[in-house]
Amino acid sequence: MLTKRIIPCLDIKDGRTVKGVNFENIRDAGDPIELGALYAQQGADELVFLDITATNERRKTLAELVTGIARHVNIPFTVGGGISSVEDVYVLLQSGADKISVNTSAFKRPELVDELSREFGSQCIVLAIDTRFEEGDWYVYLNGGRVKTTTKAYDWAKEAVDRGAGEILLTSMNNDGTKQGFALDITGQLSQNLNVPVIASGGAGSMDHFTAVFENAQADAALAASIFHYKEIEIPDLKKYLYSKGINIRF
């Protein structure tokens, strides 16, 4: 049985870690390199760094930041934000990233997923989906949750996996920052029907929420931000708790 992964997420804006609620009311949470190194030390399995304004401001994720992270962090990390070409990915992987995450650019031009998985292998390509539940279903949103589409999250995830995405990072906008728990229904739908790992994101507020997303939704990994940044839950405590609940976790 594969071990479940705990993944702190660092949303980056202008070189700083930030956090909001439902994708709004952004506040500072510290230096991303320092935080990343701390989480690695505490036993995080992986890290995700997302430049949350990259796509919207039409600029590229900073390769220098990735180089800095790679120098101080000894666990796998994924980088996303504004990636739209094979060249972008090449630069980030050369700088030290282990995986890259694509979102808006892949939705607008799905062939990008084919190109990236062909060039770098699907294990390297994480498809990030921001989704909101409305009118009875989960729909894809683009540009950091600013632009609604008429495409359902499950349909897009399935197409992307067919095109070569090796992992799905699924963020529920309804749950994001609320600390009321992960969106178990849509996470479960993806985890149980796609043959790639699904990372659940949005809504972690207690240790029980992690148990639920692993047991009920069968997510492969759970991602959280503010509870780690503001030390509401410490990673070693979370892992001990999950282990006590019979969840297969790496120490």
Side-chain angles (χ1 to χ4, degrees), residues 1-10 44-51 54-55 60-61 63 66 69-70 73-131 138 140-142 149 151-172 186-202 213-214 217-223 248 250:
M1 205 170 92
L2 287 176
T3 52
K4 303 292 189 181
R5 290 169 291 148
I6 301 295
I7 306 178
C9 179
L10 296 93
D45 297 295
E46 292 181 24
L47 296 168
V48 170
F49 295 87
L50 297 177
D51 191 330
T55 304
K60 300 303 176 197
T61 301
V66 173
I69 294 163
V73 167
N74 60 352
I75 58 174
F77 68 94
T78 299
V79 180
I83 296 170
S84 58
S85 68
V86 164
E87 292 71 32
D88 293 343
V89 174
Y90 186 75
V91 168
L92 293 171
L93 295 179
Q94 287 291 95
S95 303
D98 296 277
K99 300 188 247 186
I100 59 89
S101 160
V102 284
N103 189 333
T104 300
S105 56
F107 185 89
K108 289 186 170 164
R109 195 173 72 79
E111 302 76 40
L112 178 64
V113 180
D114 305 76
E115 291 162 15
L116 296 181
S117 65
R118 240 193 336 264
E119 188 73 26
F120 305 106
S122 60
Q123 80 291 337
C124 212
I125 313 306
V126 179
L127 180 83
I129 300 177
D130 297 326
T131 184
W138 291 90
V140 175
Y141 270 71
L142 306 178
T149 73
T151 301
K152 292 176 182 175
Y154 177 76
D155 295 342
W156 169 225
K158 186 173 182 335
E159 179 185 342
V161 168
D162 290 343
R163 287 178 178 274
E167 195 162 19
I168 302 288
L169 168 52
L170 181 75
T171 302
S172 160
I186 184 65
T187 305
Q189 188 187 5
L190 268 59
S191 299
Q192 291 154 37
N193 291 289
L194 301 175
N195 59 352
V196 300
V198 173
I199 305 168
S201 163
V213 84
F214 288 141
Q218 294 169 30
D220 298 88
L223 177 145
N248 198 10
R250 185 190 294 116

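In what follows, residues are counted from 1 in the order of the sequence shown. Computed from heavy atoms alone, side chains included, the values below leave out hydrogens, waters and symmetry copies.
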Legend entry - Backbone of V140 reached by a side-chain donor or acceptor of T149 within 3.5 Å: yes
Inset, instruction - Would you check, one step at a time, whether the test side chain to side chain contact (heavy atoms under 4.5 Å, CB included) holds for T131 with W156? - result: CA-CA 11 Å; T131 184; W156 169 225; over 6 Å; no
Inset, instruction - Could you tell me the separation between the CG atom of L169 and the NZ atom of K99, rounded to the nearest 0.5 Å? - result: 10.0 Å
Inset, instruction - Please report the closest heavy-atom contact between L93 and A97, naming both atoms and the distance. - result: CD2-O, 3.3 Å
Legend entry - Side-chain donor or acceptor of D130 paired with backbone N/O of T171 under 3.5 Å: no
Inset, instruction - In sequence, state the C-alpha distance, the side-chain angles, and the governing distance for F49 and V66, and then conclude on side chain to side chain contact (heavy atoms under 4.5 Å, CB included). - result: CA-CA 9 Å; F49 295 87; V66 173; over 6 Å; no
Inset, instruction - Evaluate the side-chain proximity of L127 to V102: yes if any heavy-atom separation is below 4.5 Å, no if none is. - result: yes
Inset, instruction - Would you give the length of the straight line joining atom CG of L10 to atom CD1 of I69, rounded to the nearest 0.5 angstrom? - result: 7.5 Å
Inset, instruction - Only counting residues at least two apart or in another chain, list the ones meeting side-chain contact (heavy atoms from CB on, under 4.5 Å) with Q189. - result: Y154, I186, N193
Legend entry - Point-to-point distance, once rounded to the nearest 0.5 Å, from CG of L190 to CH2 of W138: 11.0 Å
Legend entry - Donor-acceptor contact present, side-chain D45 to main-chain I6, <3.5 Å: yes
Inset, instruction - May I ask you to decide if I83's main-chain N or O and S105's side chain share a donor-acceptor pair within less than 3.5 Å? - result: yes
Legend entry - Test item: E87 side-chain N/O and S84 main-chain N/O as donor-acceptor pair under 3.5 Å: no
Inset, instruction - List for me each residue that meets side-chain contact (heavy atoms from CB on, under 4.5 Å) alongside E119, sequence neighbours excluded, and say none if there are none. - result: V86
Legend entry - side-chain contact (heavy atoms from CB on, under 4.5 Å) against S117, all qualifying residues, sequence neighbours excluded: S122, I125
Inset, instruction - Step by step, work out the side chain to side chain contact (heavy atoms under 4.5 Å, CB included) result for R163 and D114. - result: CA-CA 5 Å; R163 287 178 178 274; D114 305 76; 2.7 Å; yes
Legend entry - side chain to side chain contact (heavy atoms under 4.5 Å, CB included) between V126 and I100, intermediate numbers included: CA-CA 6 Å; V126 179; I100 59 89; over 6 Å; no
Inset, instruction - Hey, could you give me the CD1/NZ distance between I199 and K4, rounded to the nearest 0.5 Å? - result: 12.5 Å
Inset, instruction - Find the distance between NZ (K108) and CG (N103) and round it off to the nearest 0.5 Å. - result: 10.5 Å
